[in-house]
Amino acid sequence: MANEEAIRISELTGEPMPGGRETDLRARSRLSSRLGRLGLIGVPYLWLLILFLLPFVIVLKISFSDITIAMPPYTPVFDWADGVSGNLAKVKEFTLQNYGFLASDALYYLSYLSSLKIAAISTVLTLLIGFPLAYGMARSPREWRPLLVMLVILPFWTSFLIRVYAWMGILSREGLLNQFLIWLGVIDPANPLVILSTNTAVYIGIVYSYLPFMVLPLYATLEKLDETLLEAAADLGCPPWKAFWQITVPLAIPGVIAGCFLVFIPAVGEFVIPDLLGGSQTLMIGRTLWTEFFNNRDWPISSAIAVVLLLILVIPIVYFQNQQARLQESEK
Amino acid sequence: MRDALAGGLVAAALIVAGPAAAQDKVVNVYNWSDYIDESILKDFEAETGIKVNYDVFDSNEILETKLLAGSTGYDVVVPTASFLARQIQAGVFSELDKSELPNIKNMWPVIAERTAIYDPDNTYSINYMWGTTGLGYNVDKVKERLGEDAPVDSWALVFDPANAEKLQDCGIHMLDAPEEIIPAALNYIGLDPNARDRESFEKASEMLAKIRPYVQKFHSSEYINALANGDICVAIGWSGDVFQARDRAAEADNGVSVEYSIPKEGALMWFDQMAIPKDAPHPENAMAFINFMMKPEEIAKATNYVYYANGNEASQEFIEAEILDDPQIYPPEDVLERLYTVEVYNPRDQRNLTRTWTSVKSGI
């Protein structure tokens, strides 16, 4: 067994095959390196366990409970104090009524749909703005690039909330944008543009806030792109626009996918931007969830909304990842 | 969500600091924003040597969610009575030992009687301020659009679609608070403002749907500036907030004159109550703070500053005449009778109320 592995390692590393006492030593060092590796992998897993899985299990548990007037405002379905048999008995009366409730009112269905739509449109807009930006950065002189990356990151140095508030000042009726356009004489002072408190303002807010998350992965991919491929294409008489579509774009796809995920996923659950920039007709699941949690104090229903939101996001992503993995397998 | 996270971290820090802090001479107060004359806090610190950590919120919902989650680290909180009633049921507060509150003799029986609807015998709370939810309006702009005899003393000013349509271009704001607007709508269409059956809610919703197209915004604080700057014509808002708008406009001398009126059909009377959470880290200091806030000259300072009436009878001799004699702040007997209170909604009614409100606002 140990020998077999030793052979495999010697094959991989190209070192001569060890024998006798040396195998023992190798086995021992291999064990410690395996422990080291386990420790290294353990850190992110522990992170996931504590910061994702544990909170998720708590939310899932609340989503099966009933609302009540108490502290906290729900009756736990499962309780450690009941022991194993007590909890097993409860499994029988366990219901999905909170999830059923979500299906009974069109409000929830429409909120999910509207959130997905707003997030999808925002992602496309972010990509349309982000790609040329990242491309320009990747093609700029090498010594400028760190500065340009810095400029993309710079807005993060100010609070996200303050930047969204700033947009309220820009987009309002008496805001900077309208003042500027009136000064230019483009619009009539009596009829200023109404952008704040509409979905347009929400799109502007999301695209602005999430642009760096699109630009950075795109830049990382485009910067690594092997320029000799483009030179070869030019040598063989390929026009630059065709080389762009046939070489640059396909090679940038991993960056596009990463960027789109980084924008789309948080945008679906966004609450602050629609709340501050949107109007009362702006329907997004984040706001519906807020209403359930704060106005109705209904922790079970809001937890159910959160679980469904997570499933809506996770299932397609896992499916997509599987497809990608299969595609790569078949290419081998 | 970010707030909740930050709040959680603060709470966690307070828990960790708990045992050490127990001996500290501090009191953590959580009150509404723009709701106190800060010199009162300095007076308290000077007199007792207890340092005040003063933190503010701007909605009952935020306060209630924190209280229900527990371990807020706050010693004194100031919820509105209709919310307080539910929090009492949930077991959030500890009873007040009245023998440790000698200044309670200064309180006003008329108000104590009304707050007892929410907090029987006022066991858990002491009134801080009270006020009404009515109409704030821009005098000149409303006259310009609706003539000299504009119905500024009636809900019809905004609830009648014909009026609302004429006021549309200069702007109507409403509090984003179903507990305040739905009862007002019920009151206007001649139903019991305290009703909580689906049918009544639907009727209120139908009426509000007719004026919905003319409402520019549902928001619970922006109307103060909007009224003061002359950006809007009418707001359904809280009395003291409208008076703040009136004063800001007067200070700015921008030619805008703002007035407040209690509609003749009746208006909601609300009470903000000081109470001590059960898990307060410094309950004794909290008692000292509440007792101090019942000193006539101190609470009068707050009223003179925020233009809300308080529930302290002895303080009235220290209140400026222009406030005490203003029938919109300290309403006379006959007006007081028209003011209604709304009892706490149970979870099912609350859900129907919120759902009605969502459908008024978004049409879904």
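Residue numbering restarts at 1 for every chain, and letters A, B, ... go by the order of the sequence lines. Quick note: numbers below take in every heavy atom, side chains included, and nothing from hydrogens, waters or symmetry partners.
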| said: Given heavy-atom pairs under 4.5 angstrom as the criterion, report whether the side chain, backbone, both or neither of Thr358(B) touches chain A. | reply: side chain
| Who wins among Asp298(A), Ile67(A), Leu110(A), Asp105(A) for the most heavy-atom pairs under 4.5 Å with chain B? | Asp105(A)
| Does any heavy atom of chain A fall under 4.5 Å from the side chain of Leu353(B), the backbone, both, or neither of them? | neither
| note | Closest non-hydrogen contact found for Thr65(B) with Trp299(A) is O-CZ2, 4.4 Å
| task | Return yes when atom CZ of Arg163(A) has more than 12 non-hydrogen atoms of other residues, nucleotides or ligands closer than 6.0 Å, and no otherwise. | result | yes
| field | Contact listing (chain A partner; residues 194-201 of chain B; heavy atom under 4.5 Å) | value | none
| query | Given that the side chain runs from C-beta out, which part of Arg348(B) has a heavy atom under 4.5 Å from chain A: side chain, backbone, both or neither? | reply | neither
| message | Using heavy-atom distances under 4.5 Å, tell me whether Asp231(B) contacts chain A through its side chain, its backbone, both, or neither. | response | side chain
| task | Please check if atom CZ in Phe56(A) has more than 12 non-hydrogen atoms from other residues, nucleotides or ligands closer than 6.0 Å. | result | yes
| said: Looking only at side-chain N and O atoms, does Thr291(A) offer a donor or acceptor that is under 3.5 Å from a partner on Arg355(B)? | reply: no
| Do Ser362(B) and Arg287(A) have side-chain heavy atoms sitting under 4.5 Å apart? | no
| task | Check each atom of Phe101(A) against the heavy atoms of chain B and say whether the ones under 4.5 Å are side chain, backbone, both or neither. | result | side chain
| request: Please state whether the side chain, the backbone, both or neither of Leu107(A) comes within less than 4.5 Å of a heavy atom of chain B. | output: both
| request: Indicate whether any N or O donor in one side chain lies under 3.5 Å from an N or O acceptor in the other, for Asn295(A) and Thr354(B). | output: no
| To the nearest 0.5 Å, what is the distance between CD1 (Ile62(B)) and CH2 (Trp290(A))? | 5.0 Å
| query | Do you know which of Glu61(B), Arg351(B), Gln350(B) has the most heavy-atom pairs under 4.5 Å to chain A? | reply | Arg351(B)
| task | Go through the steps to decide whether Arg212(B) and Ser280(A) satisfy the test side chain to side chain contact (heavy atoms under 4.5 Å, CB included), and finish with yes or no. | result | CA-CA 11 Å; Arg212(B) 169 67 186 92; Ser280(A) 42; 3.0 Å; yes
| message | If I take atom CG from residue Leu68(B) and atom CZ from residue Arg297(A), how far apart are they, to the nearest 0.5 angstrom? | response | 7.5 Å
| remark: Among residues 82-92 of chain B, those lying within the under-4.5 Å heavy-atom range of chain A are Phe83(B), Arg86(B), Gln89(B), Ala90(B), Gly91(B), Val92(B)
| How long is the gap from CG on Asn296(A) to CG on Asp349(B), to the nearest 0.5 Å? | 11.5 Å
| query | Glu174(A) versus Asn229(B): any side-chain heavy-atom pair under 4.5 Å? | reply | no
| field | Pro347(B) and Ile69(A), any side-chain heavy atoms less than 4.5 Å apart | value | yes
| Do Lys217(B) and Ser197(A) come close enough that some side-chain heavy atom pair is under 4.5 Å? | yes
